[in-house]
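Reading through the structure tokens given below for one structure.
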Amino acid sequence: MLDRNFNFAEAEGRIYAAWEMSGAFRPSNAPGAEPYTIVIPPPNVTGSLHMGHALNNTLQDALIRFERMRGKSVLWQPGTDHAGIATQMVVERQLAESGANQDRRSMGRDAFVERVWEWKETSGGRILNQLKRLGASCDWSRERFTMDEGLSKAVLKVFVQLYREGLIYRDKRLVNWDPKFETAISDLEVDNREVDGHFWHFKYPLEHGKTYEFPIEHDKDGNPTKWETRDYISIATTRPETMLGDGAVAVHPGDKRYAPLVGKRCLLPLAERYIPIIADDYPDPDFGSGAVKITGAHDFNDYEIARRHDLKLYELMDTKGCMLDADYIPAKYHGLDRYEAREAVVADIKAQGLLIEVEDKKITQPFGDRSGVVIEPMLTDQWYVDAKTLARPAIKAVEEGRTTFVPENWTKTYYQWMRNIQPWCVSRQLWWGHRIPAWYGPDGHCFVAETEEEASKEAIAKYTAEGYSLEEINDMRRHEHGGAPLLVRDEDVLDTWFSSALWPFSTLGWPDGDSPLPLGGEGQGVRGTDGAADGAPETIGAALTPDPSPAGGRGETAPGRHSILARHYPTSVLVTAFDIIFFWVARMMMMGLHFMKDEHGKAQIPFKDVYIHALVLDEHGQKMSKSKGNVVDPLVLIEKYGADALRFTLAAQAAQGRNIRLSEARVEGYRNFGTKLWNAARFCQMNECRPASGFDPASAQTTLNRWIVHETNECASAVTRALEAYRFNEAAGAIYRFIWHVFCDWYLELAKPALQGEDGAEKTETRAAAAWSLDQILKLLHPFMPFITEELWGAFDRRDSALITAPWPQHDAALINEAAATEFNWTIDLISSIRSIRQEMNIPPKTIAKLMLVAGNPTAESALLSHKRYIERLARVEVVVGQAQEKGSIQIVHRDSTFALPLKGIIDVAAERLRLDKEIAKAAEEIVRIDKKLANKNFIERAPAEVVEEQKTRRADYQAQREKLSAALARLEGL
RNA sequence: GGGCGCGUAGCUCAGCGGAAGAGCACUACGUUCACACCGUAGGGGUCGCUGGUUCGAACCCAGCCGCGCCCACCA
């Protein structure tokens with residue numbers, strides 16, 4: 001016998017372990033089973049579960065469980081991301097806190113990286129255990145890490161190939177530099193925020209004391225009316241310290257005010273350099289003074305202008321954002337931090353009388369998304385991916401509908417970004433990550449190869465070809481590098497997202513192939529040991545050569561047909577939040593299409609669908625953040641209400657295109673829902689409703705059972721359709737309503753007479769039908785509430801399989817039974833009407849009233865009689881046939897019949913009269929409304945016939961109702 | 001400056017061309033043998049505003065008014 005409540009705290013761990021042990025999380029590879037694949041968005045190894053993860057993984061798990069039950073061979077590929085900056089930060093902070101007086105630099109690169117690995121092994125990946133708490137049914141036997149051996153190999157291969165194809169290159173240009181982490185970052189990692197700032201207006205004196213007339217007043221047509229004589233040009237800046245690196249002052253070529261100055265020079269104060277005044281389209285004559293100082297080495301716009309005009313670039317800062325000891329910078333600023341330099345510059349300009357004014361101004365400033373410090377554009381050598389070229393097929397694949405975004409409007413966002421994509425800076429000046437496979441020779445020549453040996457070979461070949469002898473090459477090693485190797489490896493590592501971009505195929509075994517599939521379908525989770533019988537490495541898709549190797553070459557069939565990679569790539573759907581479309585989705589599209597080919601050599605998309613879900617906000621619609629203190633910890637909710645309740649809450653609110661506001665009250669409500677189901681099951685158990693093998697739902701005998709079979713089948717259909725369309729909220733809503741308001745509120749109540757009555761065919765069938773329906777319920781709810789459903793599934797009977805792998809209830813046409821549905825709805829509505837009127841008329845619940853048919857037809861009478869038990873029990877009445885109408889009756893008009901509850905002395909006749917009047921008025925009102933419609937010629941002519949017909953029927957119904965109500969009123973008056 | 005989305009019952013939100021819905025909250029009643037984490041019944045909305053399209057608009061279109069978010073180089 002079940003307890004009164006589900007003890008989720010006890011059950012969740014036990015059930016999860018049983019699932020995992022059973023091998024249910026691994027692909028079944030059953031014969032003929034279609035593969036279904038999701039790769040998890042890999043959480044950072046440093047991560048811990050937040051609400052966004054909880055939602056993301058709840059939805060993935062719902063899909064995975066749904067498809068697994070539908071018999072597909074399901075793979076949910078898990079793993080974690082090494083998260084370059086984040087992880088390096090964590091370990092550096094640990095070092096600082098350890099008090100060992102050690103930092104990354106004093107340790108040295110190898111020791112530090114070793115230390116990070118240690119951290120990863122002991123403390124990393126905690127989030128994966130938290131995902132298990134949520135019930136995520138990933139195939140943990142396949143867990144991967146972006147820096148494990150296989151994935152690192154994929155990274156090397158991709159980098160080298162792209163380099164050889166000219167799609168990765170090294171370039172010196174302006175990048176976003178993070179002075180805190182002392183690394184370059186990509187455009188996407190820059191957060192542009194509006195902050196309070198200042199706008200400083202400076203005078204740059206003209207060379208040789210030259211003067212010009214500058215208009216200071218204008219008439220209404222914009223013609224100057226007053227001039228002043230100036231010996232300077234006015235510029236404005238939000239970053240005064242950068243003036244030390246100015247290479248020019250630019251004005252618009254059409255700006256008449258400055259025309260006499262173009263080609264002349266002005267003095268750059270403090271630096272005491274003369275710089276040209278040039279004409280360029282960039283300055284907006286209407287903004288500020290119309291003249292712009294050009295700091296080519298520290299501003300993206302200025303850089304473009306400097307290049308156009310071949311201006312000298314003055315680099316001002318070191319990697320920490322401190323002023324360099326350069327000879328073009330006055331010595332007094334050397335070594336100052338950029339903000340100290342700013343103050344000094346402003347003070348000095350002011351001292352020279354060159355400060356015109358300081359304006360308060362909102363300015364947009366770039367911040368590093370992880371460091372939070374202001375980003376400095378810096379001129380450095382970095383590695384870039386030619387994203388523009390790679391984006392082309394990625395755009396096309398979406399245009400052709402090979403990959404679909406759900407909801408569809410995200411395609412627009414995707415296009416917008418992809419069509420304006422910039423070169424992707426992939427090098428990072430960090431230590432934790434995939435080190436770039438590039439080596440430099442003594443002459444600075446760059447050799448890119450997967451291994452140092454290969455690079456070395458290339459180097460020797462190159463230098464040999466240039467006429468160096470082997471001895472001389474060895475000399476290069478000995479002398480020019482003091483005995484160091486000939487080649488020096490690039491110090492940089494790759495952007496974390498570089499390896500993430502390969503995730504959908506690198507995790508599945510690319511480039512080496514993967515453990516082959518187990519043969520046959522017996523025994524879930526039995527991993528095959530063989531398959532690539534010849535032991536040749538399997539090369540799926542494109543290798544270095546873009547062409548597919550022609551069949552009949554080395555292998556007879558396309559290589560690797562039976563590998564996980566061949567079966568599970570392209571993946572079925574990617575489930576993620578929109579904030580990661582650019583970082584990740586777009587890049588997976590680019591890399592997947594470039595590297596993965598099918599057996600015909602056609603580029604393969606990484607996933608068929610991209611489901612973009614909402615953000616989880618707090619109950620007031622605020623983004624959750626530590627600083628706001630409004631973070632809701634999913635684990636706390638799981639502890640308190642169980643994983644099922646949290647999952648259901650998230651799924652039920654996951655409507656497309658809207659954010660989720662999470663409130664604890666709602667989680668509590670769905671916990672209650674679980675308890676409701678639990679008690680319904682408990683009731684079934686008490687009444688010995690066990691799954692009966694002999695029960696065929698299609699041939700149930702009693703109307704009640706035929707009705708619940710029909711309704712269950714309809715619910716299965718609704719849940720299935722909703723899940724297929726990623727309408728999680730609809731699926732959750734459908735099963736919720738069915739369980740609570742159909743199965744519990746009506747079916748179980750209606751089944752009580754049979755279940756609690758005498759033994760016999762009806763009781764036997766009802767037990768079986770209830771058990772059958774409950775089984776369907778458990779299955780349909782399983783994707784959302786896996787724990788409680790599995791527990792109940794196991795509580796009933798010996799089962800062939802655990803619920804997690806039980807077959808999904810397919811909609812079955814043989815179970816449709818409209819007649820039973822119609823008949824029962826009649827009864828349910830009658831019961832509802834009686835209840836409603838009883839309450840309205842204040843009939844005490846204990847009163848058992850008589851119920852008789854006053855006016856009706858034989859059908860109504862027979863229905864009344866055949867459903868007598870149900871009506872009597874639920875409406876608390878006694879059905880009486882053939883008794884004369886009594887005085888002081890309440891009358892109920894239901895469909896085409898009128899019933900009466902003779903309650904002389906209990907009811908207030910005046911109140912009853914009032915009630916009937918009100919109902920008559922309501923019917924009359926509806927009739928008027930419909931008449932208006934029907935009187936409209938245009939409606940009759942233009943509306944579809946069935947709509948017109950429907951309105952006529954409605955009118956007739958109201959008409960009949962009104963007549964019956966009037967008759968009832970007359971009877972009331974007459975008696 | 002572009003782009004996306006949202007304004008429907010007190011709250012959180014479904015619905016998106018043919019009778020205004022759910023959950024929570026609220027009110028009344030209820031010790032009926034599954035469940036008070038419950039049951040029964042009920043109150044509550046000119047679907048942001050203004051126009052337009054349509055026989056018909058919460059739903060489609062346009063314009064406003066509020067509120068979010070994303071992207072963008074005005075020094």
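Note that the coordinates shown come from a computational prediction; the quantities given were computed from them, not determined experimentally. Hydrogens, waters and symmetry mates play no part in the numbers below; they use all other heavy atoms, side chains included. Every chain is numbered from 1 and lettered A, B, ... according to where its sequence line falls, protein lines coming before strand lines.
Taking the centre and axis of the six-membered ring of A:Tyr736, the NZ or CZ atom of A:Lys676 falls outside the cone set by 45° and 6.0 Å. Cation-pi geometry between A:Arg671 and A:Tyr641 is not satisfied (NZ or CZ under 6.0 Å from the ring centre, within 45° of the ring normal).
Rounding to whole angstrom units, CZ of residue A:Phe683 and P of B:U32 are separated by 15 Å. B:G23 atom P lies 9 Å from atom CZ of A:Arg737, rounded to whole Å. Regarding A:Phe648, its CZ atom lies at a distance of 12 Å from the P atom of B:G23, rounded to whole Å. Atom CD of A:Gln961 is separated from atom P of B:A19 by 17 Å (rounded to the nearest Å). If you measure from atom CG of A:Leu748 to atom P of B:U40, you get 12 Å, rounded to the nearest angstrom. In this entry the distance linking CD1 of A:Ile837 with C1' of B:C29 reads 17 Å, nearest Å. For the pair A:Ile834 CD1 and B:A41 P, the computed distance is 12 Å after rounding to whole Å. Rounded to an integer number of Å, the gap from A:Phe673 CZ to B:C38 P is 12 Å.
Separating the C1' atom of B:G44 from that of B:G23 is a span of 15 Å, rounded to the nearest Å. Taking atom P on both nucleotides, B:A20 is separated from B:U54 by 23 Å, rounded to a whole Å. B:A75 sits 46 Å from B:C13 when the C1' atoms are compared, rounded to a whole Å. Using atom C1' as the reference point in both B:C24 and B:C61, the two lie 36 Å apart (nearest Å). With C1' as the reference atom, B:G43 and B:C29 are 15 Å apart, rounded to whole Å. Only the C1' atoms considered, B:C33 is 14 Å distant from B:G39, to the nearest whole Å. A gap of 27 Å separates the C1' atoms of B:A14 and B:U53, to the nearest Å. Between B:G21 and B:G30, the two P atoms lie 29 Å apart (nearest whole Å).
Pairing partner, B:A72: none, since no Watson-Crick or wobble contact has both distances short of 3.5 Å. Across every strand in view, B:G17 sits unpaired, with no contact that passes the Watson-Crick or G-U test at under 3.5 angstrom. Pair assignment for B:G51 gives B:C61, based on Watson-Crick or G-U wobble hydrogen-bonding distances that are each under 3.5 Å. Nucleotide B:A22: paired with B:U12 (Watson-Crick or G-U wobble, both distances less than 3.5 Å). Applying the Watson-Crick and G-U wobble criteria (two distances, each under 3.5 Å), B:U46 pairs with nothing in any strand. Nucleotide B:C29 has B:G39 as its partner under the Watson-Crick or G-U criteria, with both atom distances under 3.5 Å.
Here A:Arg835 lies in heavy-atom contact (under 4.0 Å) with sugar-phosphate atoms only. A:Arg929 comes within 4.0 angstrom of sugar-phosphate atoms only, judged by non-hydrogen atoms across all strands, and of no base. Within the nucleic acid shown, A:Tyr414 has no heavy atom closer than 4.0 Å to any nucleic acid atom. At a threshold of 4.0 angstrom between heavy atoms, the contacts of A:Trp200 with the nucleic acid are absent. Using a 4.0 Å heavy-atom criterion, one finds that A:Ala655 contacts the sugar-phosphate atoms exclusively. At a threshold of 4.0 angstrom between heavy atoms, the contacts of A:Cys744 include nucleobase atoms, whether or not backbone atoms are also involved. Residue A:His201 is classed as having no contact, given no heavy-atom separation below 4.0 Å to the nucleic acid. Base contact: A:Glu749 has a heavy atom under 4.0 Å from a base atom. Heavy atoms of A:Pro944 sit under 4.0 angstrom from at least one base atom.
Salt bridge status for A:Arg954 with A:Glu926: present, with a side-chain N to carboxylate O gap under 4.0 Å. For the pair A:Arg239 and A:Asp299, the salt-bridge criterion is not met [side-chain N within less than 4.0 Å of a carboxylate O].
Relative ring orientation between A:Trp740 and A:Phe673 is described as parallel, the plane-to-plane angle staying below 30° on a 0-90° scale split at 30° and 60°. The aromatic rings of A:His201 and A:Phe199 lie perpendicular to each other, with more than 60° between the two planes, well past the 30° mark.
For B:C13, the OP1/OP2 oxygens have a side-chain nitrogen or oxygen of A:Arg661 closer than 4.0 Å. Proximity of A:Asn5 to the phosphate of B:C35: no side-chain N or O atom is located under 4.0 Å from OP1 or OP2. Between B:G42 and A:Ser836, a contact under 4.0 Å exists linking OP1 or OP2 to a side-chain N or O.
Distances from the side chain of A:Arg666 to the nucleotides B:A34, B:G39, B:U12 place B:U12 closest. In this structure, the nucleotide among B:A34, B:G15, B:A19 sitting nearest to the side chain of A:Gln756 is B:A34. For A:Lys676, counting side-chain heavy atoms from C-beta on, the closest listed nucleotide (B:C38, B:A14, B:G18) is B:C38. Nearest nucleotide to the A:Asn409 side chain, out of B:C4, B:A34, B:G18: B:C4. Proximity note for A:Thr675 (side chain, C-beta onward) versus B:A19, B:C37, B:C29: the nearest is B:C37. With distances taken from any side-chain atom of A:Arg876 to the nucleotides B:A19, B:G39, B:U32, the minimum falls on B:U32.
For A:Lys412 against B:C4, a side-chain-to-base donor-acceptor contact under 3.5 Å is absent.
Across A:Arg876 and A:Pro845, no two heavy atoms sit closer than the pair NE-O, 2.7 Å. Of all the heavy atoms in A:Gly674 and A:Ile788, the pair that sits closest is O-CD1, 3.3 Å.
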Nucleotide by nucleotide, nucleotides 68-75 of chain B touches protein heavy atoms under 4.0 Å in the pattern (B base, S sugar-phosphate only, - none) --SSSBBB
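When only modelled atom types and interatomic distance are considered, A:Glu189 and A:Ser186 share a side-chain donor-acceptor pair under 3.5 Å.
In this structure, A:Gly669 and A:Asn687 both approach RNA chain B, and ranking their closest nucleotides by distance from the 5' end singles out A:Gly669. Between A:Trp746 and A:Gln653, the residue whose closest nucleotide on RNA chain B is further toward the 5' end is A:Gln653.
Side-chain atoms of A:Gln656 come within 3.5 Å of backbone atoms of A:Tyr726 as a donor-acceptor pair (strictly under, hydrogens ignored).
The distance between the ring centers of A:Phe728 and A:Tyr611 falls below 6.0 angstrom.
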